[in-house]
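Here the structure comes first, spelled out in structure tokens, and everything after it is commentary.
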There are 2 protein chains.
Amino acid sequence: MTVSATIDHLKNLKNKILSYTEVDEDLLNHWLGYYKRIDVKKGDTLISPGQMVEHFYYVAKGCIYYYKLEEGEQKVLEFYTEDIFFTDLPAYVKETPSDYYLKASENTVVYAILKTDGENSFKKSHQLERFGRLSMQEAFMKIFTRVERLSNRTNEERYLRLLEKRPDLLQRVPQYLIASYLGLTPVGLSKIRKRISISQ
Amino acid sequence: MTVSATIDHLKNLKNKILSYTEVDEDLLNHWLGYYKRIDVKKGDTLISPGQMVEHFYYVAKGCIYYYKLEEGEQKVLEFYTEDIFFTDLPAYVKETPSDYYLKASENTVVYAILKTDGENSFKKSHQLERFGRLSMQEAFMKIFTRVERLSNRTNEERYLRLLEKRPDLLQRVPQYLIASYLGLTPVGLSKIRKRISISQ
DNA sequence: TTATTTTATTAAACTGGTTTAATAAGTTTC
DNA sequence: GAAACTTATTAAACCAGTTTAATAAAATAA
């Protein structure tokens with residue numbers, strides 16, 4: 001059961017990589033060989049502040065949220081769900097201790113590749129280097145839309161936009177994390193929800 | 001005069017590229033050969049909404065600001081100054097018309113390389129592909145710190161942080177653009193400045 | 001140098017959020 | 001299935017920003 005799930009996960013990961021650029025079959029299989037599976041239980045933490053971040057991750061199943069504690073407050077930056085790559089990129093790139101948490105909001109399966117294995121492969125293979133560039137570009141685009149959303153729009157519009165774009169999130173993640181993601185208090189979000197429900 | 005300035009600019013660009021990764025001399029010179037110089041006068045526009053974005057740019061001298069019109073309001077996302085790469089990445093990547101302006105806030109010199117020339121070179125050279133990946137990674141890191149700043153901190157803290165990190169900006173760019181960058185009205189920023197000057 | 005235009009400040013009324021605290025509803029756990 | 005805990009809503013007082021409009025200061029053009 002777990003093994004057949006793993007096979008499925010790796011097949012998805014393979015397709016994900018191929019969606020960026022062509023990679024020769026053996027090279028890709030060799031790359032996949034570096035990944036190790038990590039099961040993260042609901043509420044468990046993958047990375048905490050002070051830790052070094054040595055892996056790049058892929059979510060096969062579940063949801064990891066990325067947040068920081070700011071004067072005791074959770075500030076959620078992003079939610080990572082099925083079929084996406086993530087890590088704490090600042091700590092990963094600079095090789096300094098993390099300032100963030102990466103925590104599972106539900107039972108989650110991720111696959112992790114060591115930075116050293118990844119970088120060595122990039123150095124050896126142009127195809128993999130290209131995959132690296134294009135996936136980094138995608139990460140940029142994703143965070144860019146976040147900046148756009150944050151700097152434009154009202155809180156209400158941003159909430160409605162989130163409802164539309166990622167309706168699953170509001171089912172699977174507690175509302176106070178959504179509030180934090182939108183830069184609000186739970187009370188503030190509740191007021192917005194009320195305002196919306198009245199005006200319809 | 002202009003020619004010797006151009007030689008200086010290209011030398012800086014060369015060093016900038018080499019700061020990311022090793023690139024063979026001829027390859028690098030070939031790459032540099034693709035760039036064309038563009039002089040942008042204060043207030044002139046490099047890109048406007050509706051235009052396609054076919055170039056990746058490098059600022060040799062001056063300042064370009066990146067903004068959007070939102071219900072008639074300028075919303076500034078970033079300022080690009082000496083020795084940095086920029087473009088309207090969403091439009092550049094997706095090859096769709098831009099939603100943004102790129103405008104010079106002072107007389108500015110940029111160098112531009114065509115996307116097709118860049119991509120072809122990436123395809124042919126592993127070294128250049130690597131440069132592409134690492135510069136994209138740096139762009140990610142830069143925008144990430146912006147998200148951090150936007151989602152954490154109060155407006156006052158964010159203003160003080162900007163003062164500290166980029167003191168040049170407040171000299172060379174009008175205050176209402178700084179206000180927009182911080183997500184404030186000019187009036188709001190003025191109040192914050194007053195509050196700060198009183199409390200000291 | 002003066003005239004014109006652009007940029008920055010101030011004031012006053014307003015608004016969408018915050019904080020704190022109490023209550024209600026939903027989930028876990030045993 | 002009751003007890004304990006977590007999450008969401010509501011209310012009231014408060015506050016950091018907004019809008020609009022008037023004025024002052026600075027930069028640019030003639």
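Lettering follows sequence order; numbering is per chain, from 1.
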Partner residues of B:E95 under the side chain to side chain donor-acceptor pair (under 3.5 Å) criterion, sequence neighbours left out: B:K115

Partners passing salt bridge (Lys or Arg N to Asp or Glu O under 4.0 Å) against A:K194 (at least two apart in sequence or in another chain): none

Can you list every salt bridge (charged side-chain N to carboxylate O under 4.0 Å, His left out) pair that touches residues 171-193 of chain A, not counting sequence neighbours? A:E82-A:R172, A:E106-A:R172, A:D168-A:R172

Under the rule for side chain to side chain donor-acceptor pair (under 3.5 Å), what residues qualify as partners of A:N107, not counting sequence neighbours? none

Compute the ring centroids of B:Y35 and B:Y111, then answer whether they are less than 6.0 Å apart. no

If the sugar-phosphate is the primed atoms plus P, OP1 and OP2 and the base is the rest, what is the B/S/- string for nucleotides 7-20 of chain C, using protein heavy atoms under 4.0 Å? SSSBB-----BBBB

Interface polar pairs with nucleotides 22-30 of chain C, N/O, under 3.5 angstrom:
| from | atom 1 | to | atom 2 | distance (Å) |
| --- | --- | --- | --- | --- |
| C:dT28 | OP1 | A:K42 | NZ | 3.4 |

Write down the distance between NZ (B:K41) and P (D:dT28), rounded to a whole number of angstrom. 15 Å

Run the side chain to side chain donor-acceptor pair (under 3.5 Å) test against A:D83 and tell me which residues pass, sequence neighbours left out. A:Y58

Side-chain polar contacts of residues 50-57 of chain B - donor-acceptor pairs under 3.5 angstrom, sequence neighbours left out - could you list them?
| from | atom 1 | to | atom 2 | distance (Å) |
| --- | --- | --- | --- | --- |
| B:Q51 | OE1 | B:S48 | N | 2.9 |
| B:H55 | NE2 | B:K36 | NZ | 3.4 |

Could you tell me which residues satisfy side-chain contact (heavy atoms from CB on, under 4.5 Å) with A:V93, sequence neighbours excluded, listed by chain and number? A:L89, B:Q137, B:M141

Contacts of A:K103 meeting side chain to side chain donor-acceptor pair (under 3.5 Å) (sequence neighbours excluded), chain-then-number -> A:Y67

Return the set of residues passing side-chain contact (heavy atoms from CB on, under 4.5 Å) with B:S105 (not counting sequence neighbours), or none when no residue passes. B:C63, B:Y65, B:V173

Over the length of the helix from C:dT1-D:dA30 to C:dC30-D:dG1, how much do the five-pair end axes diverge, rounded to 10 degrees? 60°

